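What follows is a single structure, written as structure tokens, with notes after it.
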Amino acid sequence: MARGKHVSTEIDPAALAAIQTLGAAARQARLQAGDGQAAAATRLGVHVQTIGRIEAGEPGVAIAHVMGMLALYGLSASPVALTPAEPH
């Protein structure tokens with residue numbers, strides 16, 4: 001699992017891939033805007049490490065921070081189809 005805050009349950013590989021995709025999109029949008037991580041952190045009101053964690057696709061980042069960064073750069077996450085997880 002990625003570094004960062006401890007996540008209490010294992011994350012489904014598909015969910016982890018989605019988180020990483022959001023992070024990569026946020027990074028690309030930030031770079032296209034010409035912002036460094038420090039500028040993004042200031043604009044979003046978070047620590048610069050949070051920007052790095054979002055972009056790395058770490059699962060322990062608050063969803064509000066991820067969505068906030070996407071919105072900051074004019075992106076939105078489209079809703080996903082929710083399906084029941086198989087019992088473990």
Side-chain angles (χ1 to χ4, degrees):
M1 184 181 310
R3 294 181 336 219
K5 291 184 179 181
H6 173 73
V7 177
S8 62
T9 61
E10 288 300 315
I11 300 212
D12 178 81
L16 184 56
I19 293 167
Q20 292 169 340
T21 297
L22 291 173
R27 179 179 188 275
Q28 185 63 34
R30 175 184 60 77
L31 291 173
Q32 286 179 342
D35 283 351
Q37 287 185 337
T42 298
R43 291 180 65 197
L44 191 57
V46 299
H47 194 279
V48 69
Q49 288 177 336
T50 301
I51 300 300
R53 292 178 62 225
I54 290 169
E55 293 179 355
E58 291 187 19
V61 179
I63 191 69
H65 294 327
V66 175
M67 300 307 282
M69 185 170 176
L70 292 173
L72 184 65
Y73 292 104
L75 301 175
S76 64
S78 59
V80 296
L82 299 176
T83 57
E86 293 187 26
H88 297 317

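What you see is a predicted model; the values in this text were computed from it and never measured.
For the residue pair Gln49 / Gln37, no side-chain donor-acceptor distance below 3.5 Å is found, with atom types taken as modelled.
The cationic group of Arg43 lies under 6.0 Å from the six-membered ring centre of Tyr73 and within 45° of the ring axis, placing it in a cation-pi geometry.
Closest non-hydrogen pair, Ala77 versus Met67, comes out as CB-CE, 3.7 Å. For the residue pair Ile54 and Val61, the shortest heavy atom distance occurs at CG1-CG1, 3.6 Å. The two residues Pro59 and Ile11 make their nearest non-hydrogen contact at CB-CD1, 3.2 Å. Closest heavy-atom contact between Ala29 and Leu75: CB-CD1, 3.6 Å.
One distance of note links CG of Leu72 with NE2 of His65; it measures 13.0 Å at 0.5 Å rounding. In this structure, Gln20 CD and Leu16 CG are separated by 4.0 Å, a value rounded to the nearest 0.5 Å. Expressed to the nearest 0.5 Å, how far CD of Glu55 lies from OG1 of Thr50 amounts to 11.0 Å.
Two different hydrophobic clusters hold Leu31 and Leu22 under the rule that ILVMFWY side chains link at heavy-atom gaps under 4.5 Å. Grouping the Ile, Leu, Val, Met, Phe, Trp and Tyr side chains by contacts below 4.5 angstrom, directly or via other members, places Val48 apart from Leu44.
The shortest distance between side-chain heavy atoms of Ser76 and Leu70 does not fall below 4.5 Å.
The environment of Arg30 atom CZ is dense: over 12 non-hydrogen atoms of other residues, nucleotides or ligands sit within 6.0 angstrom.
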